[in-house]
Amino acid sequence: MKEMELLWKKKLLFSGVFVQENRLHAILDRNLNGITTKQWLLLVVSSSLPNPPDLTTLGKILGCSRQNIKKLALSLEKEGFIKLTPSLSDKRSLCVSILDKGKTIIEDSKEMEDKVYGSLFRDFSEEDISEYFKLSEKFSKGIGHLEECFFSLKEKGEI
């Protein structure tokens, strides 16, 4: 009985990650000054790095493909938030430079970030946040194990 309960909890936690992500996207996408959550995240991460990052680096940080990052970046460039420029070290690679319009979005979102964090973590104690952070790191490590598992299965021709 305990084994079934543990499996049930694992399934709920796994599916819950996607449900929570969908809910967060829906809420934030309605309230981010006309850009999507993913576009906003690309802006925030880019602005936090010391040098303009290339698309591959952003993909690794944000956990998605270079192609997905490029799609996001092209739409942000079209709207005047960023400029894509060839990397000095590799002309085939594109780097993201934040323009004034993008900096304004980031600055304007700082006040909202406080509201977001305050609302999301209202029922968390300091200890809860530390524990959740540790568990999140373990979950990220588990995602790495899952990636290795699927890579191995593909190599063996099992999927």
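Not measured: the values here are computed from a predicted model.
- At distances below 3.5 Å, not a single donor-acceptor pair connects side-chain atoms of Ser119 with backbone N or O atoms of Val116.
- For the residue pair Thr57/Asp54, the side-chain donor-acceptor check at 3.5 Å is satisfied.
- The 12-atom threshold is not exceeded at CD of Glu126, counting heavy atoms of other residues, nucleotides or ligands nearer than 6.0 Å.
- Going from atom CG of Asp29 over to atom OG1 of Thr36 covers 5.5 Å, rounded to the nearest 0.5 Å.
- Within 6.0 Å of CZ on Phe150 lie no more than 12 heavy atoms contributed by other residues, nucleotides or ligands.
- Side-chain contact between Lys103 and Asp100 is present, with heavy atoms from C-beta onward closer than 4.5 Å.
- Checked by atom type and distance alone, the side chain of Lys101 pairs as donor or acceptor with a backbone atom of Glu79 at under 3.5 Å.
- By the neighbour-count criterion of 12 heavy atoms within 6.0 Å, atom CG of Asp123 is sparsely surrounded, having that number or fewer from other residues, nucleotides or ligands.
- Here the straight-line distance linking atom NZ of Lys156 with atom OG of Ser152 works out to 3.5 Å at 0.5 Å rounding.
- Formation of a donor-acceptor pair under 3.5 Å by the Asp128 side chain with backbone atoms of Ser125 is found in this model.
- Taking CD1 of Ile82 as the reference point, atom CG of Leu76 lies at 5.0 Å (rounded to 0.5 Å).
- The residues Glu137 and Lys141 are annotated as not salt-bridged, no charged nitrogen and carboxylate oxygen being separated by less than 4.0 angstrom.
- Annotation for Thr85 and Ser97: closest pair OG1-OG, 4.2 Å, computed over non-hydrogen atoms.
- Contact between Ser46 and Ile98 at its shortest, heavy atoms only, is CB-CD1, 3.8 Å.
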### Residue pair Leu41, Leu72: steps toward the side chain to side chain contact (heavy atoms under 4.5 Å, CB included) verdict
CA-CA 10 Å; Leu41 199 52; Leu72 289 171; over 6 Å; no
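- Side-chain heavy atoms closer than 4.5 Å link hydrophobic residues (I, L, V, M, F, W, Y) into clusters, and following such links, possibly through other members, connects Trp40 to Leu74.
- Hydrophobic clustering of Ile, Leu, Val, Met, Phe, Trp and Tyr side chains at less than 4.5 Å, counting indirect connections, unites Leu146 with Ile159.
- A distance of 10.0 Å separates CG of Leu58 from CG of Leu43, quoted to the nearest 0.5 Å.
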